[in-house]
Asker: 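Before we start, here is the structure in question, set down as structure tokens.
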Amino acid sequence: MPAGDWLRAAERDLPCGADPAALLGVDGAALVLAPHPDDESLGCGGFLAACAGAGRRVMVVVVSDGAGSHPNSRAWPPARLAELRQTETRDAVAALGLDAARDLHFLGLPDRSVPHEGPAFEAALARLLELAPASCTIFAAWRHDPHADHAASFVLASALRQRRGTRLFAYPVWGLAHAHPVPGFPLPPPPGLPAPPRGHRLDVSAWLPAKRRAIAAHRSQLGQVVRDDPGGFVLPQALLDLACRPHELFLEEPA
């Protein structure tokens with residue numbers, strides 16, 4: 001099945017509700033892996049706000065340092081940009097109702113080069129095993145998101161799930177463009193999509209104001225900070241519109 005049709009079927013047919021218990025169970029916690037600083041807000045900001053509002057234990061782990069978004073800036077070299085993006089993410093998760101000091105962690109792997117094997121991968125996995133709350137459900141960017149860091153983060157989440165024996169849900173970010181094309185971002189078709197899709201649509205309409213505030217906190221990715229790299233990354237409005245729809249999509253990965 002073509003990826004666009006598969007995702008549209010998921011958006012149309014998967015069960016829908018506003019209670020995060022549908023994803024976490026009665027007492028479960030959540031561990032959200034974000035490939036870059038901002039993916040936590042774009043892909044599942046409503047879910048995070050709903051968990052915080054329900055008093056659920058939730059932890060966000062940002063995988064990469066985010067320092068690759070403006071590679072030609074002299075005013076914002078990689079170390080300074082990485083520090084800024086951590087600050088933006090702290091502000092974002094606070095807007096979602098989380099305690100950044102307790103609920104947010106950074107692995108600091110290199111943006112655009114997140115490993116999917118080898119010593120750095122194993123060290124990241126060991127760190128996640130230390131951080132992951134007991135009885136947590138894992139959430140990671142979709143394996144078919146068209147970015148190598150997203151795919152590598154999914155591999156990391158899969159390895160963690162195998163070690164913990166828990167459930168894994170994927171949230172599409174850029175992958176949504178398979179079903180809803182984003183101008184300027186053509187996508188190659190992903191292979192091997194299972195049919196039919198499994199998972200849940202979370203109604204986040206009550207949490208959209210908080211999600212929008214969280215996305216707005218990532219000012220460097222909205223073209224509001226770095227002025228000396230005209231070719232630097234800016235989130236396209238079409239993707240922001242997709243991120244701020246009333247439902248977030250969570251695709252359950254088979255065991």
Asker: For the pair His105 (side chain) and Val60 (backbone), establish whether a donor and an acceptor sit closer than 3.5 Å, ignoring hydrogens and angles.
Answerer: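 No.
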Asker: Can any side-chain N or O of Asp228 pair as donor or acceptor with the backbone N or O of Ser73 at less than 3.5 Å?
Answerer: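 Flag not set: sc Asp228 to bb Ser73 has no pair under 3.5 Å.
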Asker: Using a strict threshold of under 4.0 Å (side-chain N to carboxylate O), is an ion pair present between Glu253 and Arg161?
Answerer: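 Salt bridge between Arg161 and Glu253, a charged N being under 4.0 Å from a carboxylate O: no.
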Asker: Please report the closest heavy-atom contact between Arg167 and Ala22, naming both atoms and the distance.
Answerer: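 So the minimum-distance heavy-atom pair works out to NH1-O, 4.3 Å.
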Asker: So that I can tick it off, tell me whether Glu83 and Arg80 are bridged by a salt bridge, with the cut-off set at under 4.0 angstrom between side-chain N and carboxylate O.
Answerer: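 Between Glu83 and Arg80 there is no salt bridge, as every charged N stays at least 4.0 Å from the carboxylate O atoms.
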Asker: Any luck finding a side-chain donor-acceptor pair between His180 and Asp241 under 3.5 Å?
Answerer: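 His180 vs Asp241: no donor-acceptor pair found between side chains.
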Asker: Drop me the distance from Ile215's CD1 to Leu222's CG, to the nearest 0.5 angstrom.
Answerer: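 So the gap between those two atoms works out to 8.5 Å.
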Asker: So Pro115 and Leu109, do their side chains get closer than 4.5 Å, heavy atoms only?
Answerer: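 Counting from C-beta outward, Leu109 and Pro115 do come under 4.5 Å.
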Asker: In the structure I gave you, are the side-chain heavy atoms of Trp207 and Glu248 within less than 4.5 Å of one another anywhere?
Answerer: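 No, their side chains stay 4.5 Å or more apart.
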Asker: Given 3.5 Å as the limit, does a donor-acceptor pair link the side chain of Arg201 with the main chain of His247, or not?
Answerer: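 It does not hold such a pair.
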Asker: State, to 0.1 Å, how close Pro35 and Ala141 come at their nearest heavy-atom pair, and which atoms those are.
Answerer: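 Looking at all heavy atoms of both residues, the closest pair is CG-CB, 3.6 Å.
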Asker: State yes or no: are the ring centers of Phe250 and Phe139 separated by less than 6.0 Å?
Answerer: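 Aromatic pair counts; centres sit under 6.0 Å.
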Asker: Report yes if some heavy atom in the side chain of Phe106 is under 4.5 Å from a heavy atom in the side chain of Asp65; otherwise report no.
Answerer: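 Side chain of Phe106 against side chain of Asp65, heavy atoms only: no contact under 4.5 Å found.
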Asker: Could you tell me whether Gln224 atom CD has more than 12 heavy atoms of other residues or ligands within 6.0 Å of it?
Answerer: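 Yes.
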Asker: Show the nearest heavy-atom pair for residues Pro37 and Ser64, with the distance to one decimal.
Answerer: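 That would be CD-O, 3.8 Å.
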Asker: Looking at Lys211 and Ala243, would you say the former's side chain and the latter's main chain have a donor-acceptor pair under 3.5 Å?
Answerer: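 Indeed, once roles are kept as given, a pair shorter than 3.5 Å links the two residues.
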Asker: Are Gln221 and Ser69 linked by a side-chain donor-acceptor pair shorter than 3.5 Å?
Answerer: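 Short answer, yes.
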Asker: Taking the side chain as every heavy atom from C-beta outward, state whether Arg85 and Asp111 have any atom pair closer than 4.5 Å.
Answerer: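 When only atoms from C-beta onward are counted, Asp111 and Arg85 do touch, with a gap below 4.5 Å.
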Asker: Do His218 and His36 come close enough that some side-chain heavy atom pair is under 4.5 Å?
Answerer: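 Not touching, per the 4.5 Å side-chain cut-off.
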Asker: Using a 6.0 Å cut-off, check whether atom CZ of Arg74 has over 12 heavy atoms from anything other than its own residue.
Answerer: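 Not buried by this count: 12 neighbours or fewer within 6.0 Å.
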Asker: Which atoms form the tightest heavy-atom contact between Leu251 and Pro172, and what is the distance?
Answerer: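 So the two residues come closest at CD1-CD, 4.4 Å.
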Asker: How about Leu187 and Trp174: do any of their side-chain heavy atoms sit closer than 4.5 Å?
Answerer: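 No - every pair of side-chain heavy atoms lies 4.5 Å or more apart.
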Asker: Search all heavy atoms of Arg219 against all heavy atoms of Ala216 and return the closest pair with its distance.
Answerer: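 In terms of heavy atoms, the two residues are closest at CG-O, 3.3 Å.
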Asker: Nearest 0.5 Å, what's the CZ-CG distance between Phe47 and Leu23?
Answerer: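 If we round to the nearest 0.5 Å, Phe47:CZ and Leu23:CG are 5.5 Å apart.
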Asker: Please determine whether the number of non-hydrogen atoms from other residues, nucleotides or ligands lying under 6.0 Å from atom CZ of Arg56 exceeds 12.
Answerer: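 It does: Arg56 CZ has more than 12 such atoms within range.
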Asker: I'd like to know whether NE2 of His147 has more than 12 heavy-atom contacts from other residues, nucleotides or ligands below 6.0 angstrom.
Answerer: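 For His147, atom NE2 is crowded (more than 12 foreign heavy atoms under 6.0 Å).
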Asker: Just by modelled atom types, is the Asp229 backbone N or O under 3.5 Å from a matching donor or acceptor in the Asn72 side chain?
Answerer: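 Between the backbone of Asp229 and the side chain of Asn72 there is no qualifying donor-acceptor contact (under 3.5 Å).
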Asker: Could you grab the distance from atom CG of Leu160 to atom CG of Leu31, nearest 0.5 Å is fine?
Answerer: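 Here the interatomic distance stands at 6.0 Å.
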Asker: Are any of the side-chain heavy atoms of Val61 and Leu131 separated by less than 4.5 Å?
Answerer: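 Yes, close enough: below the 4.5 Å cut-off.
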Asker: Would you give the length of the straight line joining atom CG of Asp149 to atom CG of Leu156, rounded to the nearest 0.5 angstrom?
Answerer: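 Asp149 CG to Leu156 CG: 11.5 Å, rounded to 0.5 Å.
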Asker: Got a donor-acceptor contact below 3.5 angstrom from the Glu40 side chain to the Val93 backbone?
Answerer: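 Here the side-chain-to-backbone pair does not exist.
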Asker: In the structure I gave you, are the side-chain heavy atoms of Asp38 and Leu235 within less than 4.5 Å of one another anywhere?
Answerer: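 Asp38 reaches Leu235 side chain to side chain.
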